[in-house]
Amino acid sequence: MKKGLLIVFSGPSGVGKGTILRELQKDERLKLVYSVSMTTRKPREGEVDGVNYFFVTKKRFKEAIKNNELLEYAEYVKNYYGTPRFFVEEQREKGNNVVLEIEVQGAKQIIEREKDIVSIFITPPSLEELEARIRGRKSGETDEIVEMRVNQAREELRNTSMYDHVICNDDLAKAIEDVRAVLLEEIEK
Ligand code: 5GP
């Protein structure tokens with residue numbers, strides 16, 4: 001059986017990555033499975049441990065790094081985020097295509113090190129619109145953290161050249177179809 005692809009899916013906070021993915025997961029042809037990351041950030045309202053993230057302490061995260069449990073990891077806005085290696089390998093061996101919804105530092109590690117990957121970056125129609133979305137989201141985070149996310153988004157938008165595909169989410173339905181087309185093409189290669 002053909003080993004599944006590793007799909008690196010990035011884009012600044014608030015760009016709509018989650019919405020696009022949720023829609024594409026319904027398409028059985030894509031055989032997408034979502035890799036649940038480990039993070040030290042606190043859960044937002046409605047987030048469920050083991051579904052959105054594995055929420056862990058800094059001590060546990062450091063232990064995971066030390067034991068080589070993570071395929072990649074990065075520090076982002078004062079917290080750590082990383083991809084558990086075991087699930088990714090297990091699913092790819094089964095022929096499923098594993099999606100990593102990760103930021104640019106982690107993406108760089110994957111793009112440099114791994115084989116059979118496809119990388120996609122989602123951009124907002126404009127920085128102003130993105131800033132409004134990040135600020136408008138009721139995340140329960142402090143103004144300082146929200147401001148850091150806005151700055152981080154600006155920085156990420158300067159790092160898109162390493163990705164195979166850059167897709168603009170100015171129209172959600174079109175962005176979904178663009179990502180679907182890229183994935184179908186890569187899967188059939
Ligand atoms: P949030 O706090 O908004 O859920 O995530 C912040 C950023 O971290 C987002 O860009 C998200 O895609 C990214 N992220 C989530 N999980 C991981 C991971 O396992 N590794 C890396 N490098 N980034 C991640």
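All ligand and atom numbering here is 1-based and tracks the order in the structure.
Set against the non-hydrogen atoms of G82, the atoms of ligand 1 under 4.0 Å away are 18 (C), 19 (O), 20 (N). Near G106, meaning under 4.0 Å from any of its heavy atoms, are these atoms of ligand 1: 22 (N). Each of the following atoms of ligand 1 lies closer than 4.0 Å to a heavy atom of R41: 1 (P), 2 (O), 4 (O).
Proximity of R44 to ligand 1, defined as any heavy-atom pair under 4.0 Å, is confined to the side chain (atoms from C-beta onward).
Applying the ring-ring contact (aromatic ring centres under 6.0 Å, His included) test to every pair with at least one member in residues 82-101, sequence neighbours left out, gives no pairs at all.
In this structure, I7 is not a member of the same hydrophobic cluster as Y81, with clusters built from ILVMFWY side-chain heavy atoms closer than 4.5 Å. Hydrophobic clustering, with ILVMFWY side chains joined whenever heavy atoms are under 4.5 angstrom apart, keeps Y76 apart from L70. Clustering ILVMFWY residues whenever any of their side-chain heavy atoms sit less than 4.5 angstrom apart, transitively, puts I134 in a cluster other than the one holding M148.
Taking each heavy atom of V88 and V98 in turn, the nearest pair found is O-CG2, 3.9 Å.
Under the 4.0 angstrom criterion for non-hydrogen atoms, R149 is in contact with ligand 1. Using a 4.0 Å heavy-atom cutoff, Q105 is absent from the residues neighbouring ligand 1.
Atom 23 (N) of ligand 1 has its closest protein heavy atom at E103 N, 3.2 Å. The nearest heavy-atom contact from the protein to atom 9 (C) of ligand 1 is K17 NZ, 3.8 Å. Shortest contact from atom 14 (N) of ligand 1 to any protein heavy atom: E101 O, 3.5 Å. Among protein heavy atoms, the minimum distance from atom 20 (N) of ligand 1 is reached at E72 OE2, 2.7 Å.
When A74, S13, S37 are checked for heavy-atom proximity to atom 16 (N) of ligand 1, S37 turns out nearest. Taking only non-hydrogen atoms, the option from Y53, Y76, Y80 nearest to atom 1 (P) of ligand 1 is Y53.
Every residue two or more places apart in sequence or in another chain that forms a salt bridge (charged side-chain N to carboxylate O under 4.0 Å, His left out) with E89 is listed here: K3.
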- When you look at I120 and V179, which way does the side-chain contact (heavy atoms from CB on, under 4.5 Å) test go after all the steps? CA-CA 8 Å; I120 301 174; V179 177; 4.0 Å; yes
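Side-chain atoms of Y163 and S10 include a donor-acceptor pair closer than 3.5 Å.
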